[in-house]
*Asks:* 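Following this message is one structure expressed as structure tokens.
Values in this document were obtained by computation on a predicted structure and should not be read as measured data. Letters A, B, ... mirror the listed sequences (proteins, then strands); counts begin at 1.
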Amino acid sequence: MTDVRVRIAPSPTGAPHVGTAYIALFNLVFAKVNQGKFILRIEDTDQTRSRKVYETAVLDALKWVGLSWDEGPDVGGKYGPYRQSERTEIYRKYAEQLVEEGKAYRCFCTPEMLEQLRKDQKPIKTNNIYRDADEKTIQDKLEKNEPYTIRLKVPEEGECVISDRFREEVRYNYSEVDDQIILKSDGFPTYHLANVVDDHLMKISHVIRGEEWLTSTPKHVLLYEYLGWEKPEFIHMPLLKNPDGSKLSKRKNPTSIFYYREAGFLPEALLNYLSLMGYSRPNGEEKFSLEEMIVDFDINRVSLGGSVFDLQKLSWLSGKYIREDLTPQQLAKKLVAWRINEEFIAQLMPLVSERMDTLGDFMPLASFFWSRDVEYTSETVLPKKKEAKETAELLQVLLFAFEEQEEWLADQISISIRAIAQIHEWKIREITHPLFVAISGKKVAPPLFDSMEYLGKDICRVRIVKAMETLGGVSKKRLQKLDSLWKKSMKGQFEEQVLEIQKPSD
RNA sequence: GGCCCCGUCGUCUAGUCUGGUCUAGGACACAAGGUUUUCAACCUUGCAACACGGGUUCAAAUCCCGUCGGGGUCACCA
């Protein structure tokens, strides 16, 4: 057997996701048990969404849970660079090669045209307008410098047979696969091209990834065949799910790894819990370390139905680690390293000093900074003259607004809140009231915006969601409605309003 | 909706490949009891599942077919 080389390929477009740690874990363990190598590659080909801060964040988050890699952008390796934005020339070369060989073609459709096609609900095989365009029109457009993408020529008939470790053979008809864009008009590759090229160049032997990729595997298989490369073995892992059974999402569950860090879960417990998702040890043990898992890991023991991420069981496991594995001294050290330290407390002084008469007043004032959860009733969250339902919905809109913020700083939080208040014609106080309670559990608390900043975005999101639920929640239907409303109009208004507020007043 | 994947207690799972040892085992949660100055932890007990229907077979959670249910995916996002 060839050397085992596997990889995790996160894209730095948001907070580091527990799903990334989950897939990384299984890749790492698979590599270790086969004396192979585990590679980390940054897939930052989406120029509009990728951010350097998120890249640092994924690396930090994965390290925090206790994962490490043999090759990656931070540790190097002989197959680098390990950041796709630094490899664009390579992808372009292969894309051009495919065009020359007639296995791909230039497409001059504009995003608007494609959008229209989608609206007309004729998505499959109708966007290949330029597939057989004659040389002259293409040359013509090239000379006019019209932007183009490169599309893969997917056969019009035939079958693609994928061998997946867990599912044996999965069959797809090429007639149902679009001519996929592999190179965008900005010159960057899409996932499909970059992924296949890198996996080949980096000698990846097994592609262990989430099941959401299963349906796009035919495109990847085709790419390997067109390029004349040997295919890796595909292993599609089951998905992590929300309690309602849908794919794990931050609206319904904390998905950011940092949430678990900020909320004080032990990283070894998180990793251990993640390994329980779809995997069981032969001896039935539930509490085990990464090292123990590696000893007798067998990927064939993975079970397929996606698993619901259960915070309660994770908490129990974390508690088990605290009780069984730590001496009082070690626990105390963990607490200090977490956020019971001078640095964190000093930060809070400006917020509380005026509200203190004695030192003993501090803890009651600030206790919510160290609590996993805060307690209150629905009456205390609800502002005067407002209905529970509208308040819950406003909080949801606020959550949308917070997602637009790239940095979680008091100033920006304040601006977002003021903008939302403006748009919905609520008094600031009517918004901050439920927020105070949601965040601190109390009506009177240290300054809200700073508190929210120090508490972190992930904790705040979870607390706001809880407040919404306390108010009776927002129905699934209504949520969808709000979501589309937000995208269609409110988001624009919000952005305008933000600019308005930021305008220097003279 | 098309295509694809999946289907054991509320949840995570063992068992399925290699039918019998499964009146389906463990864990979380929940309930009761014990222990404890209280609570938590801990211990004991309880609750609770083979999605449904049809085959094959002496025998099906396990093999086959159908139905239903859930999920994923259909972007110049990954």
*Asks:* Counting neighbours of CD on Glu324(A) that are heavy atoms of other residues, nucleotides or ligands and sit closer than 6.0 Å, is the number greater than 12?
*Replies:*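 For Glu324(A), atom CD is crowded (more than 12 foreign heavy atoms under 6.0 Å).
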*Asks:* Looking at every strand, decide which applies to Leu183(A) at a 4.0 Å heavy-atom threshold: base, sugar-phosphate, or nothing.
*Replies:* nothing
*Asks:* Please state whether the phosphate of C76(B), meaning OP1 or OP2, lies under 4.0 angstrom from any side-chain nitrogen or oxygen of Thr190(A).
*Replies:*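 Answer no for this pair, as no side-chain N or O of Thr190(A) is under 4.0 Å from OP1 or OP2.
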*Asks:* For the C1' atoms, the ones on U16(B) and on U73(B), what distance do you get once it is rounded to whole angstrom?
*Replies:* 28 Å
*Asks:* Looking at Arg41(A) and Asp199(A), is any side-chain nitrogen of the basic one under 4.0 Å from a carboxylate oxygen of the acidic one?
*Replies:*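 Looking at Arg41(A) together with Asp199(A), the answer is yes, because their closest N to O distance falls below 4.0 Å.
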*Asks:* Nearest whole angstrom, please: distance from the C1' of C77(B) to the CZ of Phe188(A).
*Replies:*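 Atom CZ in Phe188(A) sits about 14 Å away from atom C1' in C77(B).
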*Asks:* What contact category does Ser11(A) fall into here, base, sugar-phosphate, or nothing, at under 4.0 angstrom with non-hydrogen atoms?
*Replies:*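 Ser11(A): backbone/sugar contact only, no base atoms under 4.0 Å.
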*Asks:* Without swapping roles, check the side chain of Lys103(A) against the backbone of Tyr226(A) for a donor-acceptor pair under 3.5 Å.
*Replies:* yes
*Asks:* Under 4.0 Å, heavy atoms only, any strand: does Thr149(A) hit a base, just the sugar-phosphate, or nothing?
*Replies:* base
*Asks:* Taking only N and O in the side chain of Lys184(A), is any of them less than 4.0 Å away from OP1 or OP2 of A78(B)?
*Replies:* yes
*Asks:* Within the pair Lys247(A) and U73(B), is there a side-chain N or O less than 4.0 Å away from OP1 or OP2?
*Replies:* yes
*Asks:* For Glu286(A), report the nucleic acid contact type (base, sugar-phosphate, nothing); a contact means any heavy atom under 4.0 Å.
*Replies:*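 The answer is base, as Glu286(A) lies within the cut-off (heavy atoms under 4.0 Å) of a base atom.
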*Asks:* Between Thr45(A) and A78(B), is there a contact of a side-chain N or O with OP1 or OP2 at under 4.0 Å?
*Replies:* yes
*Asks:* OP1, OP2 of G15(B) versus side-chain N and O of Arg301(A): anything below 4.0 Å?
*Replies:*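 Yes, within the criterion.
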*Asks:* Quick check: on RNA chain B, is the nucleotide nearest Leu248(A) upstream (toward 5') of the one nearest Leu314(A), or the reverse? Name the residue that is more 5'.
*Replies:* Leu314(A)
*Asks:* Would you confirm whether the ring centroid of Trp64(A) sits within less than 6.0 angstrom of the ring centroid of Tyr260(A)?
*Replies:*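 For Tyr260(A) and Trp64(A), the ring centres are not under 6.0 Å apart.
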*Asks:* Whether the side chain of Ser307(A) and the base of C12(B) hold a donor-acceptor pair under 3.5 Å is what I'd like checked.
*Replies:*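 Side chain to base: no pair present.
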*Asks:* Under 4.0 Å between any heavy atoms, over every strand shown, what does Cys109(A) touch: base, sugar-phosphate, or nothing? Just pick one.
*Replies:*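 Cys109(A): base contact, heavy atoms under 4.0 Å.
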*Asks:* Under 3.5 Å, is there an N or O donor on one side and an acceptor on the other linking the side chain of Lys313(A) and the base of A29(B)?
*Replies:* no
*Asks:* By nearest heavy atom, map Gly284(A) and His192(A) onto RNA chain B; which one lands nearer the 5' end?
*Replies:*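 By nearest-heavy-atom nucleotide position, the 5'-most residue is Gly284(A).
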*Asks:* Is there a donor-acceptor pair under 3.5 Å between the side chain of Lys466(A) and the backbone N or O of Val374(A)?
*Replies:* yes
*Asks:* Counting just side-chain N and O atoms, does Arg323(A) come under 4.0 Å of either OP1 or OP2 of C42(B)?
*Replies:*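 Arg323(A) to C42(B) OP1/OP2: side-chain N or O found under 4.0 Å.
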*Asks:* Roughly how many Å is it from CD in Glu176(A) to C1' in C3(B), rounded to a whole number?
*Replies:*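 One finds 5 Å between C1' of C3(B) and CD of Glu176(A), rounded.
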*Asks:* Take the protein atom CZ of Arg83(A) and the nucleotide atom P of A78(B), then report the distance between them rounded to whole Å.
*Replies:* 17 Å
